[in-house]
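Labels below follow one simple rule: chain letters A, B, ... track the order of the sequence lines, proteins then strands, and each chain is numbered from 1. These values consider heavy atoms only, across backbone and side chains, with no hydrogens, waters or symmetry-generated copies.
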Amino acid sequence: MNSAAPLPETAAPRAVARAAPLRTRLRARGLDGVTLLALPAVLFVLALFVYPFLYGLYLSFAPAKGGALANYARFFSQPFLYDTIATTLLLAVPVTIVNVAAAVPVALRVRLMRHQRLLTTVLVIPITLGTVLVAEGLLTYLGPRGWVNRLLLDFGLSDRPIRLLHNYWGVFLSLVISGFPFTFLLVLSYVTGIDPSLENAAAILGARARARFARILLPLLVPGLAITLALSFVQAFSVFPSAVLVGAPAGATRVIAIAAYQAAFEQYDYSMASAIAMLMAAVQLLIVVALLMLRGLVYRGPAATGKG
Amino acid sequence: MWRNAGFGERAWAFSVWLFTGFFLLNLFALIAAVVVDSFGTHWFATWLPAGFTTRWYAMVWNEFGLAPLLIVTAEVVAAVTVLAGLIGVPAAYAMARREFPGKRAALLLFLLPLLVPPFTYGIPLATVLYRAHLAGTIGGVILANLVPTVPFVILIMMPFIDQIDPRIEAAARVFGARTPRLFARILIPLFAPGILSALLLVLVRTIGMFELTFLTAGPSSQTLVVALYYAVFAAGVRPAQSIDAMAVVYMGTTLVWLLVTLRFVNPAQIVGRTGP
């Protein structure tokens with residue numbers, strides 16, 4: 001291969017005279033045959049991630065009929081369309097809060113456990129199986145003939161099967177089942193990154209568990225929690241399969257992803273679909289930026305001093 | 001020092017475990033319900049089905065066309081895994097070993113497809129693939145699935161490569177090894193454990209990747225998850241037990257590979273973290 005340079009890598013001089021050949025000067029700046037190995041991946045992501053996004057943005061301003069803003073004007077004038085944002089937020093925000101609020105105490109407890117691996121392994125299962133399988137499981141488990149209703153009826157807790165499917169709660173539960181383990185594993189990785197000697201010091205000085213949490217752990221966790229909240233929210237906000245399968249896709253759980261899907265694959269209006277996808281990205285970006293700004297307000301320096 | 005905890009603290013600890021137990025119990029019951037139903041003849045107002053049979057599996061094999069479905073899934077997953085490795089590992093090597101202008105931009109570029117949820121970029125991506133007449137083909141499904149997996153391989157491999165002594169490569173260079181030879185004789189063997197775990201994670205994620213495959217697949221390029229989605233979506237067309245049998249087939253495929261993966265990988269890495 002001619003592109004491989006004649007000198008060994010580590011001998012590359014840091015400062016090179018202007019008169020040196022181009023290859024030597026490039027190498028001094030870190031550009032050589034090895035750097036080029038990153039090129040295929042960069043080009044790939046540019047071609048299949050950045051380009052489609054920009055193309056979608058352009059397409060959203062080029063509707064089949066009407067001016068450049070016709071798609072957005074239509075979206076914000078039809079309740080059928082603009083309501084999807086509120087519907088999705090109404091699902092994603094409570095689910096995110098529930099998942100994070102449940103994950104923090106469990107992660108703080110599991111941190112002290114010896115055999116964490118078993119629990120983390122079990123909790124990885126619903127993440128790996130994915131939302132489609134969780135939805136099918138809920139249909140069998142919570143259905144009118146499922147075990148939950150069997151239990152309620154047989155023990156006289158309810159005189160008729162309760163309806164947890166094909167409404168808001170079906171989607172809510174599916175998002176907790178696949179979202180809680182995800183949130184938990186993220187929080188656990190932040191919690192175990194906090195130096196335990198900090199909490200030990202507080203305990204020696206007489207701080208009770210509640211004070212240790214409020215004064216030591218929580219402030220150190222805030223940066224990680226902001227990222228966890230952002231990631232969990234973004235996932236919940238783009239919910240699709242369970243909103244269709246265990247929700248009410250024409251009513252209470254007509255989320256924004258359903259509107260985008262219908263525009264693209266039922267009306268074949270790719271321009272409108274792109275506009276909805278861009279709005280979806282915009283809402284997600286807005287919430288993430290807001291969370292990260294909040295994090296900036298309370299951030300007090302690096303959270304982890306390494307594992308002790 | 002946590003031993004002399006007061007009553008309130010112990011009650012709190014107990015309720016945290018109670019919650020965790022309740023969650024796990026429901027999780028297991030949910031999976032068990034699917035498995036039990038898939039083997040049941042009829043299941044009405046009882047705790048267990050009236051009888052047990054394997055005929056739903058025969059039905060899935062014949063009516064859902066399970067064999068072609070499994071072949072397509074295997075083709076997609078194999079191609080995505082190999083290509084993600086071929087594109088991702090060299091890029092991770094360059095990112096870990098070189099400081100170059102624009103490196104931070106490149107890192108951000110690789111981070112974005114992992115942070116943006118697949119459904120958000122899947123719609124524009126599917127549009128572009130339709131324009132290029134690639135959507136609906138296996139090639140399109142493979143390309144779409146590579147979008148999150150190539151960056152995933154890079155971000156998993158970078159810290160792994162970082163902790164390998166660069167002097168080993170320098171020595172090989174001194175002895176005259178060029179880049180291809182360096183890769184074949186020195187780097188691939190050294191990186192093997194990292195590559196293995198990264199590619200197994202890609203494999204498990206691709207089997208379960210619903211959104212991107214769903215948005216780009218045609219009738220002949222569906223994977224197992226997408227076919228399961230359509231089966232559940234059209235519930236009523238087929239007996240519920242046969243859909244559960246299909247779900248069990250999908251679950252089995254995923255869990256076997258998950259078990260293999262967890263032999264080599266920390267569970268936390270499934271969510272994309274490279275460790276605390």
Side-chain angles (χ1 to χ4, degrees), chain A residues 1 4 8-10 29-31 33-35 37-38 40-42 44-45 48-49 52-53 55-56 105-106 109 120-122 124 126-130 132-133 135-137 140-141 145-147 150 182 185-186 189 192-193 203 209 234-235 238 240-241 245 257 260 264 270 273-274 277 280-281, chain B residues 1 9 13 16 20 24 27 29-31 33-34 37 43-44 47 87-88 90-91 93-95 97-101 106 109 113 117 119-121 123-125 127-128 143 147 150 154 170 173-174 178-180 204 208 210 225 228-229 232 244 247 250-251 254 258 262 267-268 270-271 273 276:
Chain A
M1 277 263 188
E9 253 30 84
T10 47
R29 301 199 55 196
L31 292 167
V34 171
T35 317
L37 292 173
V42 170
F44 179 82
V45 177
L48 282 158
F49 182 80
F53 231 104
Y55 180 74
V106 177
R109 220 17 87 179
T120 47
T121 304
V122 170
V124 152
I127 301 177
T128 322
L129 291 178
V132 179
L133 189 107
E136 170 61 9
T140 312
Y141 181 53
R145 293 179 285 128
W147 279 332
R150 191 78 272 124
F182 175 83
L185 288 175
L186 274 182
S189 73
T192 49
V234 155
Q235 292 232 332
S238 60
F240 178 78
L245 299 178
Y270 290 114
S274 299
M280 201 163 142
Chain B
M1 73 207 63
E9 283 174 35
V16 169
T20 314
L24 293 177
L27 181 64
L30 184 140
I31 293 172
V34 172
D37 191 40
W43 191 357
F44 292 114
W47 282 92
I87 305 175
Y93 177 64
M95 296 285 289
R97 286 288 193 251
R98 288 288 180 277
E99 291 301 326
F100 54 90
L109 189 70
F119 210 96
T120 313
Y121 64 82
I123 296 255
L125 176 63
T127 312
V128 166
L143 279 178
V147 174
V150 167
I154 296 174
R173 293 273 191 199
V174 169
R178 299 279 167 91
T179 303
V204 168
F210 169 75
V225 222
L228 177 65
Y229 171 85
V232 183
D244 275 329
Y250 164 71
M251 213 153 47
T254 317
L258 180 65
L262 289 175
I270 302 255
V271 295
R273 307 262 324 155

Exercise. B:Val150 versus chain A, heavy atoms under 4.5 Å apart: side chain, backbone, both or neither?
Worked result: side chain

For this session: Select, from B:Arg97, B:Met251, B:Met95, the one with the greatest count of heavy-atom pairs under 4.5 Å involving chain A.
Result: B:Met251

Problem set entry | Top of B:Val34, B:Ile87, B:Val232, B:Thr254 for chain A proximity - count of heavy-atom pairs under 4.5 angstrom | B:Val232

Seminar exercise, completed: Bottom line for A:Leu245: the part with an atom under 4.5 Å from chain B's heavy atoms is side chain

Exercise. Looking at B:Gly208, B:Ala91, B:Gly88, which one has more heavy-atom pairs under 4.5 Å with chain A than the rest?
Worked result: B:Ala91

Seminar exercise, completed: Counting heavy-atom pairs under 4.5 Å with chain B, the top scorer among A:Gly56, A:Gly130, A:Ala135, A:Ala41 is A:Ala41

For this session: Measure A:Val106 against the heavy atoms of chain B and call it side chain, backbone, both or neither at under 4.5 Å.
Result: both

Exercise. Is it the side chain or the backbone of B:Leu30 that comes within 4.5 Å of chain A heavy atoms, both, or neither?
Worked result: both

Exercise. Chain A heavy atoms under 4.5 Å from B:Asp37: which part of the residue, side chain, backbone, both or neither?
Worked result: side chain

Problem set entry | B:Thr20, part contacting chain A, at a heavy-atom distance under 4.5 Å | side chain

For this session: Check each atom of B:Ile31 against the heavy atoms of chain A and say whether the ones under 4.5 Å are side chain, backbone, both or neither.
Result: side chain

Exercise. Considering all heavy atoms of both residues, which atom of B:Tyr121 and which atom of B:Val147 are nearest to each other, and what is their separation?
Worked result: CE1-CG1, 3.7 Å

Exercise. Does any non-hydrogen side-chain atom of A:Met280 lie less than 4.5 Å from one of A:Val234?
Worked result: no

Problem set entry | Pairing residues for A:Tyr141 by the ring-ring contact (aromatic ring centres under 6.0 Å, His included) criterion, not counting sequence neighbours | none

For this session: Identify the two heavy atoms, one from A:Phe53 and one from A:Ala281, that lie closest to each other, and give their separation to 0.1 Å.
Result: CZ-CB, 4.0 Å

Exercise. What part of B:Leu109 gets closer than 4.5 Å to chain A, counting heavy atoms only: side chain, backbone, both or neither?
Worked result: both

Seminar exercise, completed: For A:Ala260 and A:Ala273 the tightest heavy-atom approach is O-CB, 3.7 Å

For this session: Name the region of B:Leu262, side chain, backbone, both or neither, that has any atom closer than 4.5 Å to a heavy atom of chain A.
Result: both

Seminar exercise, completed: Shortest non-hydrogen pair, A:Leu133 vs B:Ala247, comes out as CD1-O, 3.5 Å

Exercise. Taking only residues two or more places apart in sequence or in another chain, which ones pass side-chain contact (heavy atoms from CB on, under 4.5 Å) with A:Pro241?
Worked result: A:Thr131, A:Val132, B:Phe210, B:Glu211, B:Tyr229

Exercise. Of all heavy-atom pairs between B:Ala106 and A:Val42, which one has the smallest distance, and what is that distance?
Worked result: CB-CG2, 4.5 Å

Seminar exercise, completed: Looking only at A:Thr121, A:Leu48, A:Val122, the option with the highest number of non-hydrogen pairs under 4.5 Å against chain B is A:Leu48

Exercise. Between A:Trp147 and B:Trp47, is there a donor-acceptor pair closer than 3.5 Å when you use the side chain of the first and the backbone of the second?
Worked result: yes

